[in-house]
Amino acid sequence: MSEEKSAWMCHICDYHSTIGSGIACSECFKITCNEHITTATVMNPESGLYELKNICVECQFKKTLNH
């Protein structure tokens, strides 16, 4: 029995593949390729501690505009 591979597509650049899987953004939860995601330090308001989260470039850009 062969394993069926699912296709995924980056919501930033429309890159698509059946190899591996894309990475979900911790803010918008959309799938992104490795080129358009970064690990950022974000403060958790509930615990007051900083956490590492995967954030896509679109969400990063939105945060910089709001500050």
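Shown here for Trp8 and Ile19, the closest heavy-atom pair between the two residues is NE1-O, 3.4 Å. Counting all heavy atoms, side chain and backbone alike, Cys56 lies closest to Cys25 at N-SG, 3.4 Å.
Residue pairs meeting the salt bridge (charged side-chain N to carboxylate O under 4.0 Å, His left out) criterion with at least one member in residues 17-32, sequence neighbours excluded: Glu27-Lys63.
Looking at Asn54, Thr39, Ile37 one by one, the single match for side chain to side chain contact (heavy atoms under 4.5 Å, CB included) with Ser26 turns out to be Asn54.
Residues Thr38 and Gln60 have side chains in contact (heavy-atom distance under 4.5 Å, counting atoms from C-beta outward). At a threshold of 4.5 Å between non-hydrogen side-chain atoms, the residues Ile31 and Ile23 do not count as touching. The closest side-chain heavy-atom distance from Cys13 to His36 is below 4.5 Å.
Grouped with Leu52 in a hydrophobic cluster is no other residue, since no side-chain heavy-atom contact under 4.5 Å to another Ile, Leu, Val, Met, Phe, Trp or Tyr is found. Membership of an apolar cluster is not assigned to Phe29, as no side-chain contact below 4.5 Å to another ILVMFWY residue is traced.
Contacts of His11 classified as side-chain hydrogen bond (donor to acceptor under 3.5 Å, both in side chains), with partners at least two apart in sequence or in another chain: Thr32. Remark: Glu58 engages Lys62 in a salt bridge (Lys or Arg N to Asp or Glu O under 4.0 Å) (not counting sequence neighbours). The side-chain hydrogen bond (donor to acceptor under 3.5 Å, both in side chains) search around Asp14 returns none, not counting sequence neighbours.
Within 6.0 Å of CD on Glu35 lie no more than 12 heavy atoms contributed by other residues, nucleotides or ligands.
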